[in-house]
Amino acid sequence: MTPEELARKADTAGLRLVRFLWCGNDGTIRAKASSRHGLEGRLARGIGVTRAMQAMNALDQLQPVEGYGPVGEFRLVPDLDTFRPLPYAPNTGVVLTDHVLPDGTPAGVCQRTFLKRQQERLRERGLDLRAAFENEFSLARCDDGDYTPVDTSLCFSTIAMAKSREYVDALVAALESQRIPLEQYYAELGHGQQEVSTAHASAVQAADEQILVRETIRGVAAEQELVASLAPKPWADVAGNGAHVHFSLWEGEQNRFYAEGGLSELAEQFLAGVLEHLPGLCGLTAPSFQSYARIAPGMWAGAYACWGHDNREAPVRVPSPFLGVEEASTNAELKAVDATCNPYLALGGIIAAGLDGVERGLVLPDPVNVDPATLPDGERPRPLPATQAEALDALAADDVLIGALGDELARPYLAVRRSEWAAFSAEDEEFTLQHHFEKY
Ligand code: GLU
Ligand code: MG
């Protein structure tokens with residue numbers, strides 16, 4: 001599609017604004033919008049954004065990172081194939097963007113380009129990572145600045161479904177209109193908690209859709225004067241919100257994770273790599289201060305570095321394949337993921353970790369088929385990071401992940417996330433709850 005063709009589509013849809021979206025190192029989603037006037041030029045050449053945004057944390061505190069200060073500019077250059085009219089914002093459309101240098105070359109800090117690079121490494125082996133996010137989120141009313149869950153009902157409760165029926169119907173319609181196929185919806189364990197899972201897609205498309213799904217969850221809520229939050233811990237005493245990632249490697253239409261009777265050797269090596277790098281990977285997949293309220297025993301998010309068949313306390317779960325469609329349904333699920341992650345970094349990190357396992361021919365340890373917390377000392381797998389600071393230290397010490405990110409991305413990323421640790425550690429729990437609720 002050319003900029004002119006896209007502009008004609010925007011006219012047909014009656015759009016006045018097109019949002020140019022990106023997800024930053026802080027995992028928040030931000031945008032600049034173009035009006036119809038000059039749209040073709042901005043679609044072709046992008047919109048300028050200060051380099052400083054890559055050093056901005058989730059409290060809008062600019063961090064001192066060399067090269068990411070007040071001087072210098074990136075272009076937010078859209079991928080025109082990502083264009084959609086937005087069903088929850090009047091006369092507004094959206095595109096996802098790459099960060100590009102003024103001379104037209106990709107910026108080293110660009111998270112979306114990082115994921116494309118990792119996919120390219122797979123493509124050299126004839127492979128493609130397909131992934132799907134399962135987003136949990138909390139639906140609330142805002143009363144005098146306090147967020148109250150819309151229900152206090154049970155896990156998978158139909159009473160909760162009845163309570164949120166209008167919101168959910170609008171959400172499903174909004175996803176359909178953006179060509180994002182919904183697989184399942186249900187009311188989850190926590191108060192006001194909902195879950196939507198969308199279809200798997202090639203990694204860059206899956207990450208793009210994760211951004212659009214997050215936007216849609218919140219956008220539809222705003223239309224109904226509700227607030228939706230994907231924060232890992234919406235309230236201190238209720239179940240957390242995960243964004244589990246299902247993934248598998250494909251060669252054309254063949255699922256290379258599958259072998260007669262279970263996982264292929266390729267899948268085992270790839271998962272061995274994911275497990276080996278899991279502490280550092282958590283710094284990309286569960287990267288916020290609050291992420292560690294759910295990476296804890298008993299949260300069904302995984303707290304010990306292990307994998308298991310249908311084991312919901314293992315951070316890597318291999319679900320039983322479906323009868324009759326074993327090949328198509330063979331996949332692994334990483335549970336140590338939440339929606340405060342930048343999805344391009346999360347999926348790129350999974351590929352870099354998995355490929356390391358393949359390149360080194362790593363052997364997958366035996367599955368853990370009990371709750372790992374119940375194993376005696378000495379048999380229990382090593383714990384995952386217990387705090388954001390530990391996860392970021394593990395990431396900083398992981399040469400494979402840092403090497404894949406590259407210095408221009410790793411440096412501002414670690415600075416931004418570490419500054420959040422410093423800021424939230426100095427405040428009370430209420431401050432943490434409020435800011436994560438409102439930012440994600
Ligand atoms: N809410 C749990 C989490 O934070 C997941 C529950 C489940 O879907 O198994 O990851
Ligand atoms: Mg769930």
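Ligands are counted one by one from 1 in listed order, and the atoms in each one are counted from 1 as well.
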Do any pairs count as a ring pair (Phe, Tyr, Trp, His ring centres under 6.0 Å) and have a residue in residues 348-389, sequence neighbours left out, and if so which ones? none
Judged by atom type as modelled, is there a donor-acceptor pair below 3.5 Å linking the side chain of Q388 to the main-chain atoms of W421? yes
side-chain hydrogen bond (donor to acceptor under 3.5 Å, both in side chains) assessment of D151 paired with H191: CA-CA 6 Å; D151 66 63; H191 294 168; over 6 Å; no
Around E166, counting heavy atoms of other residues, nucleotides and ligands shown, do more than 12 lie under 6.0 Å from its CD? no
Are Y147 and W235 close enough, and set up right, to give a ring-ring contact (aromatic ring centres under 6.0 Å, His included), and what steps lead you there? CA-CA 9 Å; Y147 300 108; W235 296 282; 8.0 Å; no
Applying side chain to side chain donor-acceptor pair (under 3.5 Å), name anything that partners H244, two or more places apart in sequence or on another chain. E333
Under the side-chain hydrogen bond (donor to acceptor under 3.5 Å, both in side chains) criterion, do Q119 and D128 qualify, and how do the steps go? CA-CA 7 Å; Q119 274 287 61; D128 179 46; 2.8 Å; yes
Within a radius below 2.8 Å of the Mg ion (ligand 2), how many protein N, O or S atoms are present? 3
Determine whether the aromatic ring centres of F431 and F424 lie less than 6.0 Å apart. yes
What about the rings of F257 and W250, do their centers lie closer together than 6.0 Å? no
Please tabulate, one line per pair, the protein N or O atoms found under 3.5 Å from any N or O atom of ligand 1, giving the distance to one decimal.
{"unit_1": "ligand 1", "atom_1": "1 (N)", "unit_2": "E136", "atom_2": "OE1", "d": "2.8"}
{"unit_1": "ligand 1", "atom_1": "1 (N)", "unit_2": "E136", "atom_2": "OE2", "d": "3.4"}
{"unit_1": "ligand 1", "atom_1": "1 (N)", "unit_2": "G240", "atom_2": "O", "d": "2.9"}
{"unit_1": "ligand 1", "atom_1": "4 (O)", "unit_2": "G240", "atom_2": "O", "d": "3.4"}
{"unit_1": "ligand 1", "atom_1": "4 (O)", "unit_2": "R294", "atom_2": "NE", "d": "2.7"}
{"unit_1": "ligand 1", "atom_1": "8 (O)", "unit_2": "E136", "atom_2": "OE2", "d": "3.2"}
{"unit_1": "ligand 1", "atom_1": "8 (O)", "unit_2": "E188", "atom_2": "OE2", "d": "3.0"}
{"unit_1": "ligand 1", "atom_1": "10 (O)", "unit_2": "H244", "atom_2": "NE2", "d": "2.8"}
{"unit_1": "ligand 1", "atom_1": "10 (O)", "unit_2": "R294", "atom_2": "NE", "d": "3.4"}
{"unit_1": "ligand 1", "atom_1": "10 (O)", "unit_2": "R294", "atom_2": "NH2", "d": "2.7"}

